[in-house]
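Per chain, numbering begins at 1; letters A, B, ... match sequence-line order.
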Amino acid sequence: MLHKYAVLLRMKWVEMFEYRLASLVWVFGAMTQPLITMLVWMNIDREASATFILYFASLIVVERLTTAWDVWELDREIREGSFSYYIVRPFAHVHWAIAENLVYKLVFFVILAPVWLVAAIFVPALRLKLDWGQLALFVFALLIASAIRFLFSYSFGLLGFWVTKVTAIYGMLEAISLFFSGRIAPLSFLPPVIQQLSFYLPFRYMVGFPVELLTGDVHGTAGDGFLLAIFWMLCFLALTFALWKRGLKKNQAVGG
Amino acid sequence: MSIHVQHLQKNFQVHVRNAGWIDALRSLFHREYRTVEAVKDISFQIESGEIVGFLGPNGAGKTTTIKMLAGLLYPTAGQILVEGFVPFEQKVEFKKMMSLVMGQKSQLIWDIPPMETFLVNKAVYEIEERAFQRTLEELVELLELQPLLGKPTRSLSLGQRMKCELAATLLHQPKVLFLDEPTIGLDVHTQEKVRQFIAKYNREHNTTILLTSHYMGDVTALCQRVMIINHGQLLYDGDLQILSEKLTPYKLIEVRLPEVPSVSWEKYGELVGVDEGKVSLRVARERVTDVSARLLHDFSVADLNIQDPPMEEVITLAFQEEVHAS
């Protein structure tokens with residue numbers, strides 16, 4: 001198993017270097033929206049600039065390290081029929097997807113971490129005041145967040161066995177999740193109803209919760225957050241398994 | 001017994017919609033489905049090491065059948081056993097002993113060299129280093145892959161890609177190989193190369209091969225036995241030569257003469273054409289020897305050539321008529 005992963009990781013690594021430019025765009029292009037949102041908030045409330053800088057910088061890092069694009073890949077592979085070659089080979093498609101996620105996220109981290117460190121020299125707001133325990137909790141939450149986002153995206157992609165172009169529905173949910181995940185503003189800035197809802201919905205645990213842990217401004221208790229995060233992760237894990245089993249039966253293996 | 005298929009069926013639910021704006025809008029609210037019986041009731045058996053040609057016009061059910069045999073599609077009814085495995089159970093052991101090549105799809109990773117796909121397959125099929133090196137060497141030599149191994153797949157020509165595709169599917173030395181139009185879009189020279197390779201590979205490894213193709217050349221060169229399918233039903237399963245004799249009970253005799261005399265050719269056979277110094281006749285199979293002898297006797301023949309009717313003609317007839325294996 002480990003050997004298979006090592007080989008897949010190496011292959012994805014080689015493949016990524018074929019897309020050097022695109023990879024850079026994926027890192028830096030994704031910063032645009034949070035940076036603009038940050039500037040808007042800083043303009044609204046100048047007093048709290050430092051808070052916003054730390055929040056949105058954390059958001060950029062967490063967002064990149066948890067992002068998942070599997071729904072787009074699956075949608076294409078199922079619709080075009082290239083998915084068939086993954087079914088006939090003796091290593092499930094999901095492993096290829098996990099390997100790809102690991103490689104890209106490692107690269108995002110390797111690029112973003114030094115950028116943060118250098119920026120922290122000039123911007124005091126970016127100097128973290130976390131002890132090792134808090135940092136460990138953040139890393140744990142980050143891992144769960146990327147698992148939830150991955151499974152959410154992957155299970156949605158599996159719907160491609162039933163529906164063509166699932167990405168349209170996914171895009172809509174992504175837009176809704178902008179609010180609930182904390183990507184538009186820190187949750188404490190949003191109306192109480194949204195705060196309440198976001199506490200129970202999965203979106204906060206995809207991005208917002210690790211950001212809160214990193215900035216030290218957790219909404220509610222961290223324990224409750226972890227419970228809900230793990231709950232949602234298990235839900236999407238079960239959903240992925242169920243959809244995979246049923247989807248294969250539904251598969252029309254189009255084309256060819 | 002390598003492959004055992006009994007009463008296999010596959011239905012698809014297809015969404016029906018007429019063209020046009022109004023119907024497109026209507027289909028948003030009310031969807032009508034129609035059941036298409038892609039494979040109706042097929043039974044056959046294939047022995048280990050056999051190469052069988054699977055023929056039929058577009059939409060006949062060939063690819064659907066192959067996909068069920070490879071475990072990609074879930075059969076609506078019927079039984080399939082491939083080397084003792086039920087394909088759709090998706091057992092790892094099953095996947096490790098079979099392979100599927102789809103001429104119109106690629107398993108090679110598009111933007112990096114084929115060698116990367118080979119290495120990935122080595123890992124996922126758990127091929128031992130020595131066995132991998134040995135098989136790879138053999139395949140590289142047979143398919144002349146050496147100059148291609150380091151080039152990105154996207155920059156390979158269709159023929160080069162198909163050769164790499166074959167190599168990628170054979171690295172784990174499958175016992176059963178499903179080839180769905182492996183020569184589609186290839187030029188004549190490359191088609192020939194791929195055919196020779198498949199024939200040689202089958203001889204040396206005793207691999208069971210089920211092949212679909214639109215090119216008669218593939219089938220006549222590789223398969224003794226053919227299965228003809230149309231509208232989801234098996235029309236013929238048996239020897240290609242016997243089929244030809246059955247459907248086209250005649251041969252073509254071509255006579256070259258220094259000068260074509262104006263005689264009544266009808267007493268020799270059905271006249272197909274008279275060209276400069278050449279007469280073509282269609283003659284019943286049982287009369288061929290007799291007619292040839294008479295032609296040689298009656299004229300000063302420069303050359304005489306006896307041919308089977310072109311296989312395309314046989315197959316076209318087979319698609320139309322319902323012939324049963326004897």
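In this structure, the portion of Ile109(B) lying under 4.5 Å from any heavy atom of chain A is its side chain and not its backbone. Only the side chain of Tyr19(A) has a heavy atom closer than 4.5 Å to any heavy atom of chain B. Contacts of Tyr125(B) with chain A are made by both backbone and side-chain atoms, with heavy-atom separations under 4.5 Å. Residue contact with chain A, scored on non-hydrogen atoms closer than 4.5 Å, involves the side chain of Phe88(B) exclusively.
Between Glu63(A) and Arg149(A) there is a salt bridge, since at least one side-chain N of the basic residue sits less than 4.0 Å from a carboxylate O of the acidic one. Residues Lys12(A) and Glu15(A) are paired through a salt bridge, judged by an N-O separation under 4.0 Å between the basic side chain and the carboxylate.
Relative ring orientation between Phe17(A) and Trp13(A) is described as perpendicular, the plane-to-plane angle rising above 60° on a 0-90° scale split at 30° and 60°.
Residues Thr208(B) and Val52(B) are not in side-chain contact: their nearest non-hydrogen atoms beyond the backbone lie 4.5 Å or more apart.
If you look at Phe140(A) and Phe226(A), their ring centroids are closer than 6.0 Å.
Highest contact tally toward chain A, considering only Glu126(B), Lys10(B), Lys96(B), is held by Glu126(B) [criterion: heavy-atom pairs under 4.5 Å]. If you tally non-hydrogen atom pairs under 4.5 Å between each of Val7(A), Val88(A), Val14(A), Leu8(A) and chain B, the highest count goes to Val88(A). No other option in Thr64(B), Val92(B), Leu100(B) has as many heavy-atom pairs under 4.5 Å with chain A as Leu100(B). Taking Ser99(B), Gly71(B), Pro152(B), Ser106(B) one by one and counting their heavy-atom pairs under 4.5 Å with chain A, the maximum is reached by Ser106(B).
The local environment of CD in Glu128(B) is sparse, with at most 12 non-hydrogen atoms from other residues, nucleotides or ligands closer than 6.0 Å.
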